[in-house]
Amino acid sequence: MEIKIIHFYPDLMSLYGSYANVSVLKRRLEQMGNTVTVKPILPGQEADLSSADFLYMGAGTEHAQKAALADFARYGETVKAAAESGVAMLFAGTAMELLGKTITDADGNVYDGIGLADFTAVQGSKRFVEDVYGHTDLYPEAVVGFMNKCSTISGVETPLLTELALGYGNNGEKTPEGFHRNNVFASQLTGPLLVKNPRMLDAVVDAIYRHRGESLPAERPTDHWAEDGYLITAEQLKLRSESK
């Protein structure tokens, strides 16, 4: 297959190695025999989303997030339509908050999100910095990552991580984290998420194939380095969660 990835604002939204989510996805898809094109979109540029197979935006500072939102708002209806049609997408870090109804910054200023979901984000002066260990309904294995954010998110009805044993979730310690609906994935876990969690990468690849109406190959490539790294991280974070 020829697969097109749209990468929004790699200049603004690139904290914590966020670009690697796209890099590892592109590599996996190419290993499976696909031709993959990544189209970076900068503020002010026009993006044709009609043929996109995957939309992505990474993490940015709270200031960069507002700059990204100022441009991304014009794609709101198009992104919502793409989500409704089953296009796969991942919004990482502070980009997740753009999908909701509103973002309130630390000074009380309110910004409208694109309204793909009904949740709201409120940013404060306190940062939540912690390793995260939790579980998703997508597969049995644990999800691992790192959290560094200053927001609480309320109103998420379908979280990506339904249970946390360690770390901060959407609305406090050990609360559910992220957002997931159909083929829309969103999480404030950094690391980056798809690099640290091989099964989450598999879930995104599966979403892309399902939207294209294609069956996954019987044999899939395995990144033994990523698998080994995940197992070590998951084991250590599980031990920490059990000791608390």
Just do the salt bridge (Lys or Arg N to Asp or Glu O under 4.0 Å) check on Arg181 and Glu84 with the steps written out, would you?
CA-CA 9 Å; Arg181 181 191 294 161; Glu84 186 67 24; over 6 Å; no
Going through the checks in order, is the side chain to side chain contact (heavy atoms under 4.5 Å, CB included) test met by Thr175 and Leu164?
CA-CA 6 Å; Thr175 60; Leu164 255 62; 5.8 Å; no
Side chain to side chain contact (heavy atoms under 4.5 Å, CB included) assessment of Val205 paired with Leu216:
CA-CA 9 Å; Val205 170; Leu216 289 166; 4.0 Å; yes
Before giving the answer on side chain to side chain contact (heavy atoms under 4.5 Å, CB included), spell out for Ile5 and Thr37 the whole-Å C-alpha distance, their side-chain angles and the decisive distance to 0.1 Å.
CA-CA 6 Å; Ile5 295 174; Thr37 301; over 6 Å; no
Derivation and outcome, salt bridge (Lys or Arg N to Asp or Glu O under 4.0 Å), residues Lys80 and Glu77
CA-CA 5 Å; Lys80 287 191 286 186; Glu77 294 304 315; 3.0 Å; yes
Arg127 vs Glu62, test: salt bridge (Lys or Arg N to Asp or Glu O under 4.0 Å). Steps then yes/no.
CA-CA 12 Å; Arg127 299 204 71 85; Glu62 286 70 38; 3.4 Å; yes
Residues Thr222, His224; criterion side chain to side chain contact (heavy atoms under 4.5 Å, CB included); working and verdict
CA-CA 6 Å; Thr222 300; His224 295 289; 3.9 Å; yes
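The shortest distance between side-chain heavy atoms of Phe119 and Leu99 falls below 4.5 Å. Annotation: side chain of Ile3 is not in contact with side chain of Thr35 (no heavy-atom distance under 4.5 Å). In this structure, the side chains of Asp202 and Arg28 come closer than 4.5 Å at one or more pairs of heavy atoms. Residues Ser154 and Asn170 fail the side-chain proximity criterion, which asks for heavy atoms closer than 4.5 Å. Between Tyr19 and Ser14, every side-chain heavy-atom pair lies at or beyond the 4.5 Å cut-off. Residues Ile153 and Met96 form a side-chain contact, since some pair of their non-hydrogen atoms from C-beta on lies under 4.5 Å apart. With contacts defined as side-chain heavy-atom distances shorter than 4.5 Å, the pair Lys196/Tyr230 does not qualify. When side chains are defined from C-beta on, Ile103 does not count as touching Val110, because their heavy atoms never get closer than 4.5 Å.
Of the residues listed (Arg240, Lys149, Lys174), the one engaging Glu130 in a salt bridge (charged side-chain N to carboxylate O under 4.0 Å, His left out) is Arg240, and it is the only one.
Taking CG from Leu12 and CE from Met57, the interatomic distance works out to 9.5 Å, rounded to the nearest 0.5 Å. With rounding to the nearest 0.5 Å, the separation of CG in Leu189 from OH in Tyr133 is 13.5 Å. Note: Gln123 CD to Cys150 SG = 4.5 Å, rounded to the nearest 0.5 Å. Distance OH/Tyr75 to CG/Leu55: 11.0 Å, rounded to 0.5 Å. To the nearest 0.5 Å, atom CG of residue Asp228 and atom OG1 of residue Thr233 are 10.5 Å apart. With rounding to the nearest 0.5 Å, the separation of CE in Met89 from CG in Asp53 is 11.0 Å.
Hydrophobic clustering of Ile, Leu, Val, Met, Phe, Trp and Tyr side chains at less than 4.5 Å, counting indirect connections, unites Val143 with Leu201. Linking Ile, Leu, Val, Met, Phe, Trp and Tyr residues whenever their side-chain heavy atoms come within less than 4.5 Å places Met1 and Tyr56 in a single cluster. Neither Tyr16 nor Phe128 shares a network with the other; the hydrophobic side chains, linked directly or stepwise wherever heavy atoms of I, L, V, M, F, W or Y lie under 4.5 Å apart, form separate groups for each. One hydrophobic cluster holds both Met200 and Val132 under the rule that ILVMFWY side chains link at heavy-atom gaps under 4.5 Å. One hydrophobic cluster, built from ILVMFWY side chains closer than 4.5 Å, holds both Phe179 and Phe91.
Electrostatic pairing of Arg27 and Glu30 does not count as a salt bridge here, judged by no charged N lying under 4.0 Å from a carboxylate O. For the pair Lys101 and Asp112, the salt-bridge criterion is not met [side-chain N within less than 4.0 Å of a carboxylate O].
Here the side chain of Asp107 pairs no donor or acceptor atom with the backbone of Asn109 at under 3.5 angstrom. Side chain of Thr190 to main chain of Phe146: a donor-acceptor pair is present (N/O by atom type, distance under 3.5 Å, no hydrogens or angles). In this structure, the side chain of Asn34 engages the main chain of Leu29 through a donor-acceptor pair within 3.5 Å. Under a 3.5 Å cut-off, the side chain of Asn182 and the backbone N or O of Val184 do not form any donor-acceptor pair. Here the side chain of Thr136 pairs a donor or acceptor atom with the backbone of Leu138 at under 3.5 angstrom.
Here the closest heavy-atom approach between residue Ala88 and residue Ile208 is recorded as CB-CG1, 3.8 Å. In terms of heavy-atom proximity, Asp71 sits nearest to Gly44 at OD1-N, 2.9 Å. Here the closest heavy-atom approach between residue Thr61 and residue Thr94 is recorded as O-OG1, 4.4 Å. Scanning all heavy atoms of the two residues, the minimum distance from Pro40 to Gln45 falls at O-OE1, 3.6 Å. When all heavy atoms are compared, the tightest approach of Leu116 to Ala83 is CD1-CB, 3.8 Å. Of all the heavy atoms in Gln188 and Met147, the pair that sits closest is O-SD, 3.7 Å.
You'll find the ring centres of Phe72 and Phe8 inside the 6.0 Å limit. Ring-centre distance between His7 and Tyr9: not below the 6.0 Å cut-off.
For Asn197 and Tyr139, the side-chain atoms include no donor-acceptor pair closer than 3.5 Å. Glu97 and Gln65 share a side-chain donor-acceptor pair at under 3.5 Å. Using modelled atom types and a 3.5 Å distance limit, the side chains of Glu177 and Ser187 yield a donor-acceptor pair.
In this structure, Lys4 fails the cation-pi test against Phe54, since its NZ or CZ atom is not both closer than 6.0 Å to the six-membered ring centre and inside 45 degrees of the ring normal.
Residue Glu219 places its CD atom among 12 or fewer non-hydrogen atoms of other residues, nucleotides or ligands, all under 6.0 Å distant. Taking a 6.0 Å sphere around NZ of Lys66, one finds it holds more than 12 heavy atoms contributed by other residues, nucleotides or ligands.
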